[in-house]
Amino acid sequence: MKRLDLKTLLTGALAGLTAALLVLGASVQPSFFSALLYTASALPILLVGLGWGNVAAIVAVVTAAALGAVFISPSFALIMTLVTLLPAGWLSHLANLARPASELGGPDHLLAWYPLSDILLHLCGLVTFAVIVIGVMIGYGPEITDSMVDLLIASVKQQQPEFMPDPAATAQTKSVILLMLPALQGGMWVTMLFAAYYFAVRIVAASGRGLRPREDIPSSLRMNRNSIFIFLAGLAACFFGGVPALIGATVIGTFGAGFMLSGFASLHFRTRGKDWRLPALILCYLASMLMLLPALLILVVGLSDTRKAIALTPTKDADTPKQSDTKI
């Protein structure tokens with residue numbers, strides 16, 4: 001047992017080192033590629049958490065955070081922990097949770113795994129918390145976004161001297177940018193972290209170390225019904241202005257991304273077996289990335305289909321080898 005524990009600790013430490021190197025690499029890449037490296041840094045944590053358990057995930061998170069604090073700064077380590085390490089470790093913990101299906105009114109010989117809808121709900125909440133804390137750390141507010149808009153206007157004036165912006169339109173643009181940035185940042189991070197979780201589950205399942213059964217994402221990925229009330233509360237907070245509006249915009253971005261993910265999953269499920277499925281899905285993805293209205297329609301699809309799909313697998317002493325899903 002001690003030998004096994006040592007192996008687990010070393011595996012977790014190696015995963016933490018890998019995650020730290022990916023984050024350090026992302027910090028010196030001033031491009032979109034840095035976002036991919038930041039997202040990839042969650043993969044080692046997810047892999048060891050899903051394949052080796054909570055102890056390995058904790059060791060990986062602590063190792064990566066310590067390396068970040070030593071080689072960069074404690075504040076950098078805190079941001080790294082909030083944005084990637086902590087969500088990845090927590091998601092792997094939730095994914096490995098299971099209890100007898102009989103506690104939910106199911107058969108005695110089956111295990112019920114933590115619903116994917118609740119995992120997505122936790123991810124949205126964690127990213128919301130991370131974005132808010134980081135915003136407080138950097139002092140996010142009108143001072144930052146107003147200077148960005150002024151710099152953009154000055155750049156346009158250099159290229160077009162005759163350009164004279166309307167003061168009212170400029171003020172409105174500044175207020176929109178102030179709320180749009182945390183919403184976009186939160187939504188993008190929810191999407192990318194879930195993508196990392198998806199690939200980690202596939203890798204662990206292929207290796208044979210995964211405890212959780214591989215689920216059918218199109219049929220099981222939906223948001224928890226309670227997410228609707230959180231989303232509406234964030235929308236209402238935007239009308240109060242000030243700090244509540246910033247928090248509300250963050251909630252809209254993170255939970256809106258969750259509903260968009262479930263909306264796309266619903267589209268994948270509903271178009272199964274159709275001859276026009278592939279071009280239709282490609283068109284939906286491209287349109288939602290380029291235009292606002294298609295993205296809102298996908299979000300509405302996600303809002304209209306909220307439920308739980310609980311993966312069930314036989315217990316070790318069960319004779320039934322089949323796997324099934326129960327929808328709630």
Side-chain angles (χ1 to χ4, degrees), residues 1-23 38-69 77-101 103-104 110-130 133 189-190 192-215 220 224 308 310-316:
M1 182 63 69
K2 291 182 179 178
R3 185 177 179 182
L4 179 62
D5 290 343
L6 179 60
K7 183 178 179 180
T8 301
L9 294 176
L10 292 176
T11 302
L14 180 60
L17 174 61
T18 305
L21 290 176
L22 288 170
V23 174
Y38 273 118
T39 306
S41 67
L43 268 176
I45 311 298
L46 286 165
L47 290 174
V48 296
L50 293 170
W52 281 266
N54 290 336
V55 174
I58 293 173
V59 172
V61 170
V62 172
T63 301
L67 291 174
L78 177 60
I79 293 175
M80 178 175 63
T81 302
L82 289 174
V83 171
T84 58
L85 304 181
L86 183 60
W90 185 247
L91 291 185
S92 65
H93 165 69
L94 294 178
N96 287 335
L97 291 179
R99 60 177 175 172
E103 296 182 4
L104 302 174
L110 295 179
L111 282 177
W113 295 86
Y114 200 78
L116 189 58
S117 59
D118 291 353
I119 292 177
L120 186 56
L121 172 63
H122 279 257
L123 175 59
C124 295
L126 285 171
V127 174
T128 300
F129 176 75
V133 172
W189 209 245
V190 167
M192 299 183 77
L193 283 177
F194 184 81
Y197 169 79
Y198 173 78
F199 286 114
V201 168
R202 296 286 296 268
I203 294 171
V204 173
S207 69
R209 292 198 62 93
L211 300 175
R212 186 184 182 93
R214 181 177 169 183
E215 296 172 85
S220 60
N224 188 299
K308 290 184 182 181
I310 302 177
L312 301 175
T313 56
T315 57
K316 293 182 179 180

Name all pairs fulfilling the salt bridge (Lys or Arg N to Asp or Glu O under 4.0 Å) condition that reach into [range], sequence neighbours left out, sorted by first residue then second.
range	answer
residues 38-55	none
residues 110-124	Asp118-Lys308
residues 46-62	none

Taking side chain as C-beta onward, heavy atoms only, is [X] less than 4.5 Å from [Y]?
X	Y	result
Asn96	Tyr114	no
His122	Leu94	yes
Trp113	Glu215	no

Exercise. Give the intermediate values and the outcome of side chain to side chain contact (heavy atoms under 4.5 Å, CB included) for residues Leu10 and Leu14.
Key: CA-CA 6 Å; Leu10 292 176; Leu14 180 60; over 6 Å; no
To the closest 0.5 Å, what do you measure between [atom1] ([X]) and [atom2] ([Y])?
X	Y	atom1	atom2	result
Asn224	Ile119	CG	CD1	12.0 Å
Leu86	Leu91	CG	CG	9.0 Å
Leu97	Leu111	CG	CG	12.0 Å

With a 3.5 Å cut-off and sequence neighbours excluded, list the donor-acceptor pairs that the side chains of residues 42-66 form with protein atoms.
from  : atom 1 : to    : atom 2 : distance (Å)
Asn54 : OD1    : His93 : ND1    : 3.3
Asn54 : ND2    : His93 : ND1    : 3.1
Thr63 : OG1    : Val59 : O      : 2.7

Quiz item: Residues two or more places apart in sequence or in another chain: which of them pass side chain to side chain contact (heavy atoms under 4.5 Å, CB included) with Val23?
Solution: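 Applying side chain to side chain contact (heavy atoms under 4.5 Å, CB included) to Val23 gives Tyr38, Ser41, Phe76, Met80.
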Taking distance alone, no hydrogens or angles, what donor-acceptor pairs closer than 3.5 Å link side-chain atoms of residues 193-203 to residues at least two apart or in another chain?
from   : atom 1 : to     : atom 2 : distance (Å)
Tyr198 : OH     : Arg202 : NH1    : 2.5

